[in-house]
Peer 1: 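My structure is below; once you've seen it, I'll send some questions.
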Amino acid sequence: MLNEKLDDYLKENYYPFHMPGAKRTDILRSDLPYKRDLTEIYGFDNLNDPRDIFLKMEEKITNIYKVKDAIISTNGSTCGILSTIRSLTYENKNILIQRSCHKSVYNAIEIFNLQSDYVNVYVDDNGSIIDISYKDLENKLKSKKYAAFVITSPSYEGYYLDLKKIYQLTRKYQISLILDMAHGSHSLLFGKYENNFDIAITSFHKNLSALTPSSAILINDLSLSDEIRRNMAIFQTSSPSYVILQSIDEMLEKFDSFYKMYDLLDSYLDDIYNINLEKLKLIDKKNKDRSKILISTINTNITGERLANKLREEKIEIEMAYPSYALLIASIFDRKEGFERLKNVLLKIDRSIEFRNKNLDFSYEIPKKSLAISRAILARKTPIDLNLAENKISAQFVYAYPPGIPIIAPGEIISKNIIDNIKYFQKNSIVLNIDDEIFILN
C-alpha cells in the first residue's frame with residue numbers, strides 16, 4: 001500500500017520544495033533512508049486524521065488481531081498508553097494497576113492526577129514477576145469503582161496472565177480493561193494471543209519487523225475509539241515518521257508469511273532449550289513466551305550481569321540482565337548461525353563457572369502510600385543519604401531501566417525492605433536511576 005504508492009511517486013521525479021530538510025539528497029549517508037523520508041504532501045495521508053492509506057493499514061491491523069478498531073502510533077506504546085488512560089479518566093480519577101506496570105503507566109498517573117491502587121504480583125525463585133493475585137484483584141474491584149484496570153501481558157520476561165479470567169472479573173464489576181501488550185505483538189504466531197480486553201496497546205518493533213518505535217492501539221470497545229484517537233493526535237507528533245510507517249506497511253504485507261517463519265524459529269529454540277547445561281538453567285514454562293530466552297544464574301557463582309558480560313566478551317549482546325538471570329530476545333528474523341553461536345558460548349560459560357547455593361536476597365513489596373504521585377512530585381523535596389531514608393516519604397521514582405518498573409513511587413513510604421532491595425540491585429551491578437541519595441518530601 002504505502003510503499004507501492006511511494007515507489008510510484010518517486011518515479012515521477014517531483015522536486016521536494018517541502019519538508020523534511022534533507023531533500024532526498026545524495027550527499028548524506030546512503031544507508032539511512034533519506035530518499036524515502038517525506039511528510040503529508042498532496043496525495044498522501046495524515047496519520048492523525050487518516051482517510052486513505054493509513055486507514056487501510058489500520059483496517060488490516062484490525063483484521064489481523066480480530067478487533068473492532070486500530071490506531072497506528074509512530075511514537076511507541078507509551079503514546080498509546082497515555083492516550084488511552086487519559087480517555088478513560090476524565091471523571092473517575094481512580095485507577096487500578098498491576099504493580100509491575102511500565103513506567104509510562106505511572107507517568108499517566110502523575111500527569112492526569114490519578115489516584116492509584118495496586119494489585120499484588122507473584123515472583124518466582126529468580127525474581128521474575130510471573131502472575132498477579134486474582135484474589136487481591138477481586139477484593140480491590142469490590143472495594144472501589146475504578147475507571148480502568150491496567151495490566152501487562154506478556155511481561156518483559158515473557159510471562160502471560162490469565163486474560164480470560166481477568167476480563168471476566170472486569171466485566172463483572174463494569175470497568176475497562178487496558179492491556180499493555182507491548183511485548184506481545186507476535187503472540188498470535190504461536191497461539192498465545194487472547195482477544196480478552198477492551199483496549200490493548202502493542203509494539204510492532206519489539207518482536208516483529210517494523211522499525212522502532214512502531215506500535216498500535218487495538219480497540220474492542222468502539223465507544224472509546226474517537227476519544228482515544230483525539231488524544232493520540234495530542235500526544236503523538238504532528239509529523240509522524242513516514243519511514244516508520246513504511247516499515248509497518250511492509251510488516252502488514254508480509255504478515256501471513258510470519259507464521260511459517262515462527263515454525264522455523266521454534267525449531268531453533270528447541271535446540272537451545274535442549275542444551276545440556278549443568279549450572280546455568282534455561283527457563284521454559286507453559287505460560288511463558290519461548291522466544292524470551294531466560295537464563296537463570298541462581299545456583300551459580302555468577303550474577304545475571306556477570307553472565308551478560310561473559311556473553312558480550314563472546315560478541316553476543318543481550319536484552320537485559322538482573323541479579324539472578326539474563327534475558328535474551330529471539331525473533332522470527334534470527335538466523336541459525338546466531339543460535340549455534342549462542343549454544344556453543346553457553347556451553348563454554350557453563351563449564352567455566354561453579355555451583356553455589358544462594359538465595360534470592362530480594363523480596364517484592366508494594367510500599368505503603370502516604371500521598372498521591374502527582375502531589376508528591378510537586379511537593380518540596382530534598383536529597384538524603386539512602387541509609388537515612390527509612391520511614392521517609394519518597395519524592396521520586398526508583399527503578400532499573402530496562403524494564404522500567406518502579407521499586408518505589410513518589411508519595412510512598414521508604415521501608416527498610418525497600419532500601420535493602422535498592423542496595424541489592426546496586427550490589428549486583430544493576431543500574432538504577434539513583435546512586436547514594438534519594439529525594440524525600442520535606
Peer 1: So, are Lys172 and Glu138 salt-bridged, with charged N and O less than 4.0 Å apart?
Peer 2: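 Between Glu138 and Lys172 there is a salt bridge, with a charged N closer than 4.0 Å to a carboxylate O.
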Peer 1: On the 0 to 90° scale, with breaks at 30° and 60°, tag the Phe339-Tyr268 ring pair as parallel, tilted or perpendicular.
Peer 2: tilted
Peer 1: So Phe397 and Tyr399, would you call those rings parallel, tilted or perpendicular, with 30° and 60° as cut-offs?
Peer 2: tilted
Peer 1: Closer than 4.0 angstrom, basic N to acidic O: yes or no for Arg24 and Asp37?
Peer 2: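 No, no charged N to carboxylate O under 4.0 Å.
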Peer 1: Give a yes or no on whether a salt bridge exists between Asp117 and Lys144, defined as a side-chain N under 4.0 angstrom from a carboxylate O.
Peer 2: yes
Peer 1: Under 4.0 Å between a side-chain nitrogen and a carboxylate oxygen: does that hold for Glu59 and Lys56?
Peer 2: no
Peer 1: If the threshold is 4.0 Å, N to carboxylate O, is there a salt bridge linking Arg290 and Asp284?
Peer 2: yes
Peer 1: Are Arg375 and Glu110 close enough for a salt bridge, meaning some N to O gap below 4.0 Å?
Peer 2: no
Peer 1: Inspect the contact between Asp26 and Lys35 and indicate whether a charged nitrogen and a carboxylate oxygen are less than 4.0 angstrom apart.
Peer 2: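 A salt bridge links Lys35 with Asp26.
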Peer 1: Please work out which of the three classes, parallel, tilted or perpendicular, describes the rings of Tyr259 and Phe255, given edges at 30° and 60°.
Peer 2: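 The arrangement is perpendicular - the two ring planes meet at more than 60°.
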Peer 1: Could you tell me whether Arg229 and Asp69 make a salt bridge, using a distance below 4.0 angstrom between a side-chain N and a carboxylate O?
Peer 2: yes
Peer 1: Does this structure show an ion pair linking Asp52 with Lys5, if we count only N-O contacts that are shorter than 4.0 Å?
Peer 2: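 Salt bridge present between Asp52 and Lys5.
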Peer 1: Using the six-membered ring of Tyr160, assess whether NZ or CZ of Lys288 lies under 6.0 Å from its centre and within 45 degrees of the ring axis.
Peer 2: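 Geometry flag: not set, cation outside 6.0 Å or 45°.
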Peer 1: Is it true that Glu250 and Lys254 have a side-chain N and a carboxylate O under 4.0 angstrom from each other?
Peer 2: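 So Glu250 pairs with Lys254 through a salt bridge.
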Peer 1: How long is the gap from CD1 on Ile408 to OG on Ser415, to the nearest 0.5 Å?
Peer 2: 7.0 Å
